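Working notes, beginning with the structure itself.
Order of listing sets the numbers, starting from 1, for every ligand and every atom in it. This is a predicted model, so every value here is computed, not measured.
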Amino acid sequence: MPYTDLREFIERLEKEGELRRISLEVDPFLEITEFADRAVKRGGPALLFEKPKGSRVPALINAFASMRRMELALEVSSIEEVAGRISGFLEMQKPEGLIGKLKMLPKLAEVGSFFPKMVSDGPCKEVVRRERFSLFDYPILQCWPCDGGRFITLPLVFSRNPETGKRNCGMYRMQVFDERTTGMHWQTHKQGAEHYRRMVARGAKRMDVAVAIGADPATMFSAVLPLPPDIDEMLFAGFLRGKPVEMVKCETSDLEVPAEAEIVLEGTIELGELRREGPFGDHTGFYSLEDDYPVFHLTCITQRKKPIYVTTIVGPPPMEDYFMGKAIERIFLPLMRLQLPEIRDVSMPAEGVFHNLMLVSIRKSYPAHARKVMHAIWGMGQAMFSKCIVVVDEEVDVQDAREVAWKALNNIDPQRDIEFALGPVDSLDHSSRLPNFGSKMGVDATRKWPEEGFARPWPSVIEMSAEVRERVDQLWKKAGLK
Ligand SMILES: Cc1cc2nc3c(=O)[nH]c(=O)nc-3n(C[C@H](O)[C@H](O)[C@H](O)COP(=O)(O)O)c2cc1C
Ligand SMILES: [Mn+2]
């Protein structure tokens, strides 16, 4: 059964020995970070701080911070199962004849059952505060020593495209400026920023935004997914959990939020109003610098009677977001292969913090095939941020970064096989010549063909013959070796 809410997920984590309750008083100012950082680096459990200093609301962190917990979050024994389900839908063909059509019905009905469902009330409305509310009631972390302040780090930010009326849900950190005001750190490439620009173009004065904190894990995870614009994250969440997400209308706007959320912040963004945001110890492992971002003015908070505040930290990898990113890598592989069927596998090692390094194996079929693949990836949604793409032949296991380094470094003639391209870069890149604009590197580390102008013979990788290996298996034991 899919989790109804965050609490059911917490129960499950606890049952599986994947969660530790901490009853000591711990300070959301830096101390929770140090706990969470140590825990993730040691493969430790999720942490539920029951007495965060200065707040009566408990704080949950690292709920997704291992592959096992990601699997528990999505209720699978391997993330590949989700990829398999997606492939199943993608392989749906136009049915032949009546029997074929009938066979397809259950699948179509399944799709129909993923759409979010409107409900008139929900636990997130147990307490409605239009006055006398304050963000200071919650254990919002200051994550790192040089951070500009406290940041809400796992918010589901809902906004609407004024042209299509379609909803978006993205995870964009929010710096707390005072009791009722925060920053809204949607980077320029993200859908929230696009909605903002379209509202400005229409001459609107303000834009409604609603933020949900804490929901069932599939719904929370969906806010991070790099879905194409106007594809509803809540529909994808329904697909992931196999049950619609129940949505309830906000008190002060027409937006809808997950009814089972722990805390909902309703408010508006005054178009044109910008404020310094940051610095913030970011997932690159460096502080991202201060910059101007829109300001979110809270008009109302609704919440459960006893809400749980869920949060995360980012910083030197690996952190919790690495595991979320790894799950995305697995889940999106079938979708990538829809456009680029020659792709065998893709990997984004932790040290590359997603956008800095993508390793791709392909079945090479024609000259310069690797170059086509890198350019296609630079043209594909948020994969456009990939600063360095290394393309290898299909027999190289890209999940093994050592194997890639060994083979790729042997295979390249750098001047011939490395190319630079200009394009949009991740807003967090501190090295690019301009914010959001810089260069990328593509490395063609495939075996070179005569058709690519390579006239020399290409050597094989060294391998012992199977017979000798078997014989030595026997001799090895006889020799008393272990
Ligand atoms: C913990 C965490 C924090 C994030 N913070 C931000 C952020 O502050 N700004 C941002 O633009 N993206 C942030 N992201 C990435 C976006 O959530 C992600 O790119 C998402 O796909 C955006 O959705 P959208 O395409 O609907 O805009 C964060 C992701 C995670 C996992
Ligand atoms: Mn989106």
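In this structure a side-chain-to-backbone donor-acceptor pair under 3.5 Å is present from Lys440 to Met384. A donor-acceptor pair under 3.5 Å is absent between the side-chain atoms of Glu34 and the main chain of Leu30, judged by distance alone.
The Mn ion (ligand 2) has no N, O or S atom of Asp230 under 2.8 Å away, backbone or side chain. In summary, Gln191 places no N/O/S atom under 2.8 Å from the Mn ion (ligand 2), failing the contact criterion.
Taking 4.0 Å as the cut-off between side-chain N and carboxylate O, Glu194 and Arg198 count as a salt-bridged pair. Using a 4.0 Å cut-off between charged side-chain N and carboxylate O, Arg275 and Asp292 make no salt bridge.
Nearest non-hydrogen protein atom to atom 20 (C) of ligand 1 is Val224 O, 3.4 Å. Among all non-hydrogen protein atoms, the one lying nearest atom 15 (C) of ligand 1 is Lys190 NZ, 3.7 Å. Given atom 25 (O) of ligand 1, the protein heavy atom at minimum distance is Gln382 NE2, 3.5 Å. Of the protein's non-hydrogen atoms, the one nearest atom 13 (C) of ligand 1 is Met171 O, 3.0 Å.
When only modelled atom types and interatomic distance are considered, Asp216 and Thr219 share a side-chain donor-acceptor pair under 3.5 Å.
With a heavy-atom cut-off of 4.0 Å, Asn168 touches ligand 1 through its side chain alone.
Rounding to 10 degrees, one finds that the Mn ion (ligand 2) sits at the corner of an angle of 100° between Glu233 OE2 and Asn168 OD1.
Interface atoms of ligand 1 facing Glu233, defined by a heavy-atom separation under 4.0 Å, are 26 (O).
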